[in-house]
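Basis for what follows: all heavy atoms, side chains included, without hydrogens, waters or symmetry-related copies. We count ligands from 1, going down the list as the structure has it; atoms in each ligand are counted the same way.
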Amino acid sequence: GAEGLPPGAPPRPPRQRWVWMNFESPSHSPGLRGLGGLFNWTMSYRRDSDVFVPYGYLYVPPAPRPFVLPRKTRLVAWVISNWNEEHARVRYYRQLQEHLPIDVYGARGMALAEGGLVETVSAYKFYLAFENSQHTDYITEKLWRNAFSASAVPVVLGPRRANYERFIPPDSFIHVDDFPSPRLLATYLKFLDKNKPNYRRYFAWRKKYEVHVTSFWDEHFCKVCEAVRAAGNQIKTVRNLASWFES
Ligand SMILES: *[C@@H]1O[C@H](CO)[C@@H](O)[C@H](O)[C@H]1NC(C)=O
């Protein structure tokens, strides 16, 4: 909140920039109303931030390494630590698991071997990359690390498909909205399980791209340094922080 910020006097040096940095979604970012007109820049996962730092991204490597699909012995995994019956992701899971076996890891499920999330998930064909809340550009390490780094096909629940497609190829993921019901999604996943060529199509993009998972906080600090250098003497104030971030 605003009361936690340094006092107004002595005044901030004229060329000092205050950067509002946040990587939680609007649902978990209370108290923004009092922060209008205080900050010069925003820094977040939103693409229209002054300093945009996504949780991950795809890039075209200068010399692509051939992609090898890990051996898949299991079907669907989900890692969840904050279990909340009110969340859309838990409601969706409850319906989906009536039609399909899902291995759940985390607080309510099986224990993950220490540091072994990516390795554990890599034995699965699909990963439920379900965000804790649904907001513009709010696509987290659940997609980039838990699914993509583990070479599992992400089944996403988050912002709409078109929002994901700003960042990743349309054929790299399955969106829950692609299906009228969890039952029909389950049918499709079972179909892919039995049809290897169809399943493998979800990896075609890997001929061209590699996955980068952003590391906290070193990359963030580098990004903001670059932005400071690039901005020169430009002056800016973020007037409507809450309405922008919540839109
Ligand atoms: C930063 O924002 C403050 C508050 O509106 C403003 O007085 C100051 O000129 C801004 N500084 C820069 C470098 O943009």
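- For residues 173-182, the pairs satisfying side-chain hydrogen bond (donor to acceptor under 3.5 Å, both in side chains) are Arg161-Asp178, with sequence neighbours left out.
- Residue-environment remark: CZ (Arg183) stays at or below the threshold of 12 foreign heavy atoms within 6.0 Å.
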| Under the salt bridge (Lys or Arg N to Asp or Glu O under 4.0 Å) criterion, do Glu246 and Arg33 qualify, and how do the steps go? | CA-CA 11 Å; Glu246 287 162 9; Arg33 299 276 151 200; 2.5 Å; yes
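- For atom 4 (C) of ligand 1, the candidate residues are Gly36, Pro14, Gly37; the nearest heavy-atom contact is made by Gly37.
- At the top of the distance list for atom 9 (O) of ligand 1, counting protein heavy atoms only, stands Ile235 CG2, 3.8 Å.
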Would you tabulate the side-chain donor-acceptor contacts of residues 128-135 under 3.5 Å, counting partners in other chains and residues two or more places apart, or write 'none'?
residue : atom : partner : partner atom : Å
Glu131  : OE1  : Thr140  : OG1          : 2.8
Glu131  : OE2  : Thr140  : N            : 2.9
Glu131  : OE2  : Thr140  : OG1          : 3.2
Ser133  : OG   : Ser25   : OG           : 2.6
Gln134  : NE2  : Glu131  : O            : 3.3
His135  : NE2  : Ser27   : N            : 3.4
His135  : NE2  : Ser27   : OG           : 2.7

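- Only the side chain of Thr237 comes within 4.0 Å of ligand 1, judged by heavy-atom distances.
- Between Phe126 and Tyr199, the ring centre distance stays below 6.0 Å.
- At a 3.5 angstrom cut-off on N or O pairs, Arg17 does not count as close to ligand 1.
- Looking at Asn40 next to ligand 1, an N or O pair under 3.5 Å apart turns up.
- Residue, atom and distance of the protein heavy atom nearest to atom 14 (O) of ligand 1 are Lys236 N, 2.9 Å.
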